[in-house]
Novice: 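Please read through the structure below; I'll follow up with questions.
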Amino acid sequence: MSGEGKLVCVTGASGYIASWLVKLLLERGYTVKATVRDPDDPKIKHLHELDGAKERLHLLKANLLEEGSFDSAVDGCEGVFHTASPVFVSTNDPQADFIDPAVKGTLNVLSSCIKVQSVKRVVVTASLASIVFNGKPLTPDVVVDETWFSDPAFCKESKYWYHLSKTLAEEAAWRFAKENGIDLITLHPGLVIGPLLQSSLNFSVEVILNLFNGNNQQPFKYYDYDLSLFLRAQSFPSTYSSSRFPQLVEDICWLYTYFRFKAVKYEPSFQVNNERAKSLGINFTPWDVSVQDTVESLKEKGFLKF
Ligand SMILES: NC(=O)c1ccc[n+]([C@@H]2O[C@H](COP(=O)([O-])OP(=O)(O)OC[C@H]3O[C@@H](n4cnc5c(N)ncnc54)[C@H](OP(=O)(O)O)[C@@H]3O)[C@@H](O)[C@H]2O)c1
């Protein structure tokens with residue numbers, strides 16, 4: 001898949017997933033307009049250091065809560081990857097800290113897209129959080145697929161503010177896309193792990209660190225995820241854009257860890273149908289390899305010492 005001569009936009013480029021996305025897009029020859037809240041922030045140093053960044057990475061300032069903030073970022077772009085959203089920040093004000101940036105932010109990005117002629121497809125990073133949390137029982141024989149939707153009322157009652165924000169944002173994205181004829185794909189990762197590009201921790205990698213530090217109070221559900229899917233989402237056959245893209249993880253595991261990943265074992269707690277992802281040729285990284293890669297990265301960055 002060559003991106004030579006093609007211009008794409010990635011929102012939230014300072015983030016864990018988006019940093020990888022920018023790196024992989026640059027490697028494939030794309031020119032990338034990447035949005036960050038503060039282009040002078042030292043925490044985005046890793047983006048400047050990516051191969052091809054000097055020639056083909058353009059960093060633009062944008063905030064999810066500012067209307068029109070993404071206008072110049074999407075202008076001229078063929079594809080837009082929207083990843084920016086608050087992820088598990090602690091909050092006393094879920095509306096301001098989660099729901100508004102997720103929902104208004106998604107609508108702001110999509111509104112910018114319809115102002116220009118260039119955008120052919122928008123890829124929104126949704127989440128397993130917008131699929132699974134509807135109160136249905138989750139047992140090892142249950143298979144979750146793209147026909148599932150999280151229930152906002154259930155998320156609210158359970159005070160799952162992140163899940164609520166992702167569910168409402170996805171609903172809003174599909175509604176807006178339908179009303180405005182946008183070719184939309186939503187991706188539904190579970191817990192994304194693997195090496196860090198940035199020097200700070202994000203939520204999902206910190207989960208692994210906490211397990212090794214003994215900070216977790218209970219076992220956590222884990223998922224594998226292959227970042228190459230984001231790239232492929234840009235060129236899926238359009239038939240895949242008419243419905244939610246299926247959950248992409250290979251397995252969901254209960255992972256019990258004790259200081260060494262060799263001691264890690266897992267059992268599925270429920271199943272995820274990823275047949276459509278596999279039919280597109282996605283090869284998932286096995287979970288133990290992902291854990292090992294994450295641990296090596298945490299050691300290299302100085303977060304883990306053993
Ligand atoms: N990691 C996972 O396991 C996982 C799983 C499923 C779905 N996802 C989804 O994938 C996306 C990226 O996740 P991640 O793990 O890479 O998260 P991350 O590292 O925490 O990155 C989140 C990004 O969102 C940006 N952001 C937050 N609030 C913003 C605002 N008001 N205006 C502009 N930008 C804002 C952050 O910018 P700052 O750096 O300026 O704060 C950052 O770039 C999110 O949509 C998340 O819901 C992640």
Side-chain angles (χ1 to χ4, degrees), residues 9-23 34-47 59-70 73 81-91 93 95-109 112 122-133 150 160-170 172-173 186-209 220-227 229-230 233 245 247-249 252 272 287 290 294:
C9 170
V10 177
T11 71
S14 58
Y16 169 63
I17 290 178
S19 294
W20 271 102
L21 188 50
V22 170
K23 174 181 163 60
T35 74
V36 288
R37 279 198 270 197
D38 178 6
D40 298 320
D41 194 329
K43 79 175 179 190
I44 58 168
K45 184 170 163 270
H46 64 285
L47 294 177
L59 291 169
L60 292 95
K61 184 175 176 152
N63 192 305
L64 290 170
L65 293 167
E66 281 169 27
E67 251 176 70
S69 201
F70 294 87
F81 298 89
H82 176 43
T83 79
S85 205
V87 183
F88 283 104
V89 291
S90 65
T91 182
D93 188 347
Q95 186 68 37
D97 293 337
F98 277 115
I99 320 282
D100 286 349
V103 179
K104 288 186 186 167
T106 299
L107 293 175
N108 277 341
V109 172
S112 296
V122 183
V123 180
V124 168
T125 313
S127 172
L128 194 69
S130 59
I131 292 185
V132 169
F133 296 91
S150 292
Y160 291 164
W161 305 123
Y162 170 73
H163 308 69
L164 180 62
S165 74
K166 296 303 285 182
T167 305
L168 295 177
E170 190 187 344
T186 57
L187 299 180
H188 298 262
L191 196 79
V192 181
I193 58 171
L196 288 155
L197 290 177
Q198 76 270 28
S199 53
S200 55
L201 280 170
N202 75 308
F203 171 80
S204 53
V205 172
E206 195 169 11
V207 167
I208 299 282
L209 179 66
F220 206 96
K221 288 172 186 175
Y222 276 179
Y223 320 96
D224 293 339
Y225 192 60
D226 185 338
L227 277 157
L229 194 77
F230 281 88
F245 192 72
Q247 167 54 34
L248 306 169
V249 298
I252 295 175
V272 176
W287 70 272
S290 293
T294 311

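Whatever order the structure lists them in is the order used to number ligands and atoms, beginning at 1. Computed from a predicted structure; not experimentally measured. Numbering starts at 1 and runs along the sequence shown. Reckoned from all heavy atoms, side chains included, excluding hydrogens, waters and symmetry mates.
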Novice: In this structure, does ligand 1 have an atom that sits under 4.0 Å from one of the heavy atoms of G190?
Specialist: yes

Novice: Supply the atom-to-atom distance S200 OG to I44 CD1, rounded to the nearest 0.5 angstrom.
Specialist: 11.5 Å

Novice: Within ligand 1, which atoms have a heavy atom of G12 less than 4.0 Å away?
Specialist: 43 (O)

Novice: By number and element, which atoms of ligand 1 are closer than 4.0 Å to a non-hydrogen atom of I17?
Specialist: 1 (N), 10 (O), 13 (O), 16 (O), 48 (C)

Novice: Just heavy atoms, cut-off under 4.0 Å: does V87 contact ligand 1 by side chain, backbone, both, or neither?
Specialist: side chain

Novice: Counting heavy atoms only, name the option from G194, S85, G105, S204 that's nearest to atom 2 (C) of ligand 1.
Specialist: S204

Novice: Measuring from K166:NZ to T106:OG1, what's the distance to the nearest 0.5 Å?
Specialist: 6.5 Å

Novice: Which part of A129 is near ligand 1, with near meaning a heavy atom under 4.0 Å away: side chain, backbone, both or neither?
Specialist: neither

Novice: Can you check which of H82, R37, E66, Q198 brings a heavy atom nearest to atom 29 (C) of ligand 1?
Specialist: R37

Novice: Which of the atoms in ligand 1, numbered in the order shown and given with their element, are less than 4.0 Å from a heavy-atom of T83?
Specialist: 11 (C), 12 (C), 44 (C), 45 (O)

Novice: Where's the contact between N202 and ligand 1, heavy-atom distance under 4.0 Å: side chain, backbone, both or neither?
Specialist: side chain

Novice: Counting distance only, does the side-chain N/O of S150 pair as donor-acceptor with the main-chain N or O of A129 below 3.5 Å?
Specialist: yes

Novice: Side-chain contact test, heavy atoms from C-beta onward, threshold under 4.5 Å: evaluate it for L21 versus T83 and give yes or no.
Specialist: yes

Novice: Just jot down the ligand 1 atoms closer than 4.0 angstrom to any heavy atom of S127, in number order.
Specialist: 6 (C), 7 (C)

Novice: F133 pairs by ring-ring contact (aromatic ring centres under 6.0 Å, His included) with which of Y160, W161, Y162?
Specialist: Y160

Novice: For a 4.5 angstrom cut-off between non-hydrogen side-chain atoms, does N108 reach L64?
Specialist: no

Novice: Any N or O of V192 that comes nearer than 3.5 Å to an N or O of ligand 1?
Specialist: yes

Novice: What I want to know is whether G15 and ligand 1 share at least one N or O pair that is separated by under 3.5 angstrom.
Specialist: yes

Novice: So which of F203, Y16, Y162 gets nearest to atom 8 (N) of ligand 1, if we judge by its closest heavy atom?
Specialist: Y162

Novice: Which distance, rounded to the nearest 0.5 Å, do you find between the CG of D38 and the OG of S14?
Specialist: 9.5 Å

Novice: Is there a side-chain contact between F70 and T35 (heavy atoms, below 4.5 Å)?
Specialist: yes

Novice: So if I count the atoms of ligand 1 from 1 in the order they appear, which ones are less than 4.0 Å from some heavy atom of L191?
Specialist: 3 (O)

Novice: Decide whether the shortest distance between a heavy atom of L65 and an atom of ligand 1 is less than 4.0 Å.
Specialist: no

Novice: When only distance counts, is K43 in polar contact with ligand 1, meaning an N/O pair under 3.5 Å?
Specialist: yes

Novice: Using 0.5 Å steps for rounding, measure from the NE2 atom of H163 to the CG atom of L128.
Specialist: 8.5 Å

Novice: Based purely on interatomic distance, does A62 place a nitrogen or oxygen under 3.5 Å from a nitrogen or oxygen of ligand 1?
Specialist: no

Novice: So does E67 have more than 12 non-hydrogen atoms from other groups sitting under 6.0 Å from CD?
Specialist: no

Novice: If you count the atoms of ligand 1 from 1 in the order shown, which ones are under 4.0 Å from a heavy atom of A126?
Specialist: 7 (C), 9 (C)

Novice: Please lay out, stage by stage, how L168 and I99 fare under the test side chain to side chain contact (heavy atoms under 4.5 Å, CB included).
Specialist: CA-CA 8 Å; L168 295 177; I99 320 282; 3.8 Å; yes

Novice: Y16 and side-chain contact (heavy atoms from CB on, under 4.5 Å): which single residue from L201, V192, V87 fits?
Specialist: V192

Novice: Show me which atoms of ligand 1 lie under 4.0 Å from any heavy atom of P189.
Specialist: 5 (C), 6 (C), 7 (C)

